[in-house]
**Student:** 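Below you will find the structure I want to go over with you.
Hydrogens, waters and symmetry mates are skipped; everything else that's a heavy atom, side chains included, is used. Computed from a prediction, not measured in an experiment: that's the story for all the values here.
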Amino acid sequence: MKKLSFVILTACSMLAFGQKVSDYKYISLPAKFETFKEDFGLADLLTKTLRSKNYTVIPTDKLQWPADAQANPCNVLMAAVLNDSGFLRNKVMLQFKDCHDKVVSSIKGASNIKDFKEGYQDALKQTFISISPSNPVNQTNTIVTQTNITEKAVSAPSNTVSSTAMDNSAVRFSNGKTELQKIQIDNQQFILVAQNSSSPFATFKATTKADVFRVKLQNGESTLGYYENGNIVIEIPQSNGEYTKEIFAKR
């Protein structure tokens with residue numbers, strides 16, 4: 001019961017304070033993208049694009065950061081371009097992590113251009129459409145507020161937590177291998193969580209289309225989910241850039 005209560009609290013915090021790349025002003029780029037043998041002009045291309053979207057690009061060395069970024073490193077996102085190439089296509093993954101090394105966004109791009117430099121650059125350009133312009137939020141305030149909510153939740157009467165868990169206990173789904181419990185956070189969002197897990201398997205947030213949801217998986221990847229014949233379907237991203245259909249039937 002305590003573990004389930006912790007999962008609900010964690011999910012509420014994630015949904016209430018979900019981070020977006022656009023929440024940040026500063027983006028830190030490494031001196032070298034480790035999964036590439038050469039730069040292929042990717043750093044310059046990414047820097048130019050981020051600046052065009054009002055981000056301030058800074059190096060990895062914190063001694064070179066602006067004073068306000070040094071004072072609060074949690075206002076800085078760490079960006080990396082990863083080589084995600086398959087056998088026939090040049091593919092990249094643009095990834096952003098926060099000060100806790102948690103993935104805020106992971107975007108894939110692919111190109112049919114066989115030349116490495118042109119192909120990797122073309123693939124990287126495909127990811128830029130998913131980056132919104134900077135509209136920074138002070139991450140320090142977010143952390144403090146989340147801590148206050150956690151303290152209030154811990155001090156809440158135990159019967160309140162128990163009744164919440166009981167209300168959700170009957171709704172279960174399974175794909176034949178994993179059994180998950182559906183926990184409704186509010187009218188717009190819910191989570192699926194395994195019985196012995198301390199973090200959600202998947203977090204669902206409503207879209208403008210009925211029964212279709214934006215989904216954040218446990219590994220940080222974003223995808224889509226929807227209801228189909230009373231079952232929950234999640235499109236699971238694959239390493240080749242395709243998606244598989246994972247069906248969780250209602251028990």
Side-chain angles (χ1 to χ4, degrees), residues 3 6-36 39 42-43 46-47 49-50 53 55-84 91-109 124 127-128 130-132 134-151 191-194 196-203 205 214-223 236-239:
K3 180 171 286 188
F6 174 76
V7 173
I8 296 172
L9 175 62
T10 301
C12 289
S13 299
M14 287 170 57
L15 293 166
F17 302 100
Q19 296 167 296
K20 306 185 296 293
V21 174
S22 59
D23 290 341
Y24 292 80
K25 172 183 178 181
Y26 295 110
I27 305 288
S28 174
L29 295 188
K32 181 180 184 300
F33 296 133
E34 296 297 334
T35 56
F36 289 90
D39 177 74
L42 299 179
L46 179 56
T47 297
T49 300
L50 290 173
K53 294 175 182 279
Y55 294 92
T56 300
V57 179
I58 58 178
T60 303
D61 185 0
K62 293 183 179 180
L63 295 177
Q64 299 182 47
W65 287 8
D68 56 335
Q70 290 186 25
N72 184 10
C74 285
N75 280 335
V76 180
L77 273 186
M78 268 52 77
V81 180
L82 308 177
N83 190 339
D84 193 42
K91 295 189 290 185
V92 304
M93 179 185 294
L94 176 58
Q95 193 172 81
F96 297 91
K97 290 185 177 182
D98 66 12
C99 60
H100 303 294
D101 203 36
K102 300 296 184 182
V103 176
V104 172
S105 178
S106 185
I107 314 163
K108 292 185 177 182
L124 183 58
T127 70
F128 293 158
S130 298
I131 304 176
S132 300
S134 175
N135 184 23
V137 175
N138 193 316
Q139 299 301 320
T140 300
N141 293 336
T142 298
I143 293 171
V144 172
T145 306
Q146 187 170 343
T147 301
N148 292 340
I149 285 182
T150 303
E151 290 173 352
I191 62 173
L192 292 179
V193 61
N196 296 318
S197 176
S198 60
S199 61
F201 172 83
T203 304
K205 191 167 184 179
R214 291 188 294 273
V215 180
K216 181 78 106 175
L217 299 176
Q218 195 171 30
N219 62 5
E221 289 191 304
S222 297
T223 184
I236 305 294
Q238 303 299 303
S239 58

**Student:** Is it true that atom NZ of Lys62 has more than 12 heavy atoms of other residues, nucleotides or ligands lying nearer than 6.0 Å?
**Tutor:**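 Atom NZ in Lys62 is not packed in, count stays at 12 or less.
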**Student:** So do Leu77 and Val104 actually touch side chain to side chain, heavy atoms under 4.5 Å?
**Tutor:**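 Answer yes - side chains close enough.
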**Student:** Are Leu82 and Val92 side-chain neighbours, meaning at least one heavy-atom pair lies under 4.5 Å?
**Tutor:**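 No, their side chains stay 4.5 Å or more apart.
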**Student:** Between the side chains of Lys102 and Asp98, is the shortest nitrogen-to-carboxylate-oxygen separation below 4.0 Å, so that they form an ion pair?
**Tutor:**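 So Asp98 does not pair with Lys102 through a salt bridge.
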**Student:** Do any N or O atoms from the side chain of Ser106 and from the backbone of Glu221 form a donor-acceptor pair under 3.5 angstrom?
**Tutor:**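 No, the answer is negative, given that no donor and acceptor are paired below the 3.5 Å cut-off.
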**Student:** Mark yes or no for whether Lys32, through its side chain, and Phe36, through its backbone, hold a donor-acceptor pair below 3.5 Å.
**Tutor:**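 Such a contact is found between Lys32 side chain and Phe36 backbone.
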**Student:** Tyr26: which residues meet the ring-ring contact (aromatic ring centres under 6.0 Å, His included) condition with it, sequence neighbours left out?
**Tutor:**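 For Tyr26 there are no ring-ring contact (aromatic ring centres under 6.0 Å, His included) partners, ignoring immediate neighbours.
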**Student:** Atom CZ of Phe33 and atom CD of Gln95: how far apart are they, to the nearest 0.5 Å?
**Tutor:**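 Answer for the CZ-CD pair, Phe33 versus Gln95, is 12.0 Å.
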**Student:** Can you tell me how far CZ of Phe128 sits from CG of Leu50, rounded to the nearest 0.5 angstrom?
**Tutor:**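 The CZ atom of Phe128 is 7.0 Å from CG of Leu50, to the nearest 0.5 Å.
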**Student:** Quick one, Thr203 and Pro200 - any side-chain contact, counting heavy atoms below 4.5 Å?
**Tutor:**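 Touching, per the 4.5 Å side-chain cut-off.
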**Student:** Identify the two heavy atoms, one from Ile58 and one from Pro66, that lie closest to each other, and give their separation to 0.1 Å.
**Tutor:**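 Shortest heavy-atom separation between Ile58 and Pro66 comes out as CG2-CD, 3.9 Å.
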**Student:** Any side-chain heavy atom of Asn75 within less than 4.5 Å of one from Lys25?
**Tutor:**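 Sidechains of Lys25 and Asn75: no contact.
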**Student:** Please give me the minimum heavy-atom distance between Asn83 and Lys91, naming the atom from each residue.
**Tutor:**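 Result for this residue pair: OD1-O, 3.7 Å.
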**Student:** Give a yes or no on whether the backbone of Ile236 and the side-chain of Gln238 come within a donor-acceptor separation of less than 3.5 Å.
**Tutor:**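 Yes, because the side chain of Gln238 sits within donor-acceptor range (under 3.5 Å) of the backbone of Ile236.
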**Student:** Using a 4.5 Å cut-off on heavy atoms from C-beta on, say whether the side chain of Ser222 contacts that of Leu217.
**Tutor:**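 No - every pair of side-chain heavy atoms lies 4.5 Å or more apart.
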**Student:** Where do Asp61 and Trp65 come nearest, in terms of heavy atoms and distance?
**Tutor:**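 Shortest heavy-atom contact: O-CD1, 3.3 Å.
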**Student:** Quick one: pull up CG in Leu192 and CD in Gln218 and give me the separation to the nearest 0.5 Å.
**Tutor:**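 Interatomic distance, Leu192 CG to Gln218 CD, rounded to 0.5 Å: 11.0 Å.
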**Student:** With Leu29, which of Leu46, Thr60, Leu42 fulfils side chain to side chain contact (heavy atoms under 4.5 Å, CB included)?
**Tutor:**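 Result: among Leu46, Thr60, Leu42, Leu46 is the only option passing the side chain to side chain contact (heavy atoms under 4.5 Å, CB included) with Leu29.
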**Student:** Is there a side-chain contact between Asp84 and Lys108, using heavy atoms and a 4.5 Å cut-off?
**Tutor:**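 A side-chain contact exists here, since the closest heavy-atom pair is under 4.5 Å.
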**Student:** If you take all heavy atoms of Ser134 and Pro136, which pair is closest and at what distance?
**Tutor:**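 Shortest heavy-atom contact: OG-CD, 3.4 Å.
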**Student:** Kindly compute the distance separating OH (Tyr55) from CD1 (Ile27), expressed to the nearest 0.5 Å.
**Tutor:**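 Interatomic distance, Tyr55 OH to Ile27 CD1, rounded to 0.5 Å: 6.0 Å.
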**Student:** Of all heavy-atom pairs between Ile131 and Lys53, which one has the smallest distance, and what is that distance?
**Tutor:**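 So the two residues come closest at O-NZ, 2.9 Å.
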**Student:** Heavy atoms only: give me the nearest Val21-Phe96 pair and the separation to one decimal.
**Tutor:**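 In terms of heavy atoms, the two residues are closest at CG2-CD1, 3.7 Å.
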**Student:** I'd like to check Asn135 versus Asp23 (side-chain heavy atoms, cut-off strictly below 4.5 Å). Are they in contact?
**Tutor:**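 Counting from C-beta outward, Asn135 and Asp23 never come under 4.5 Å.
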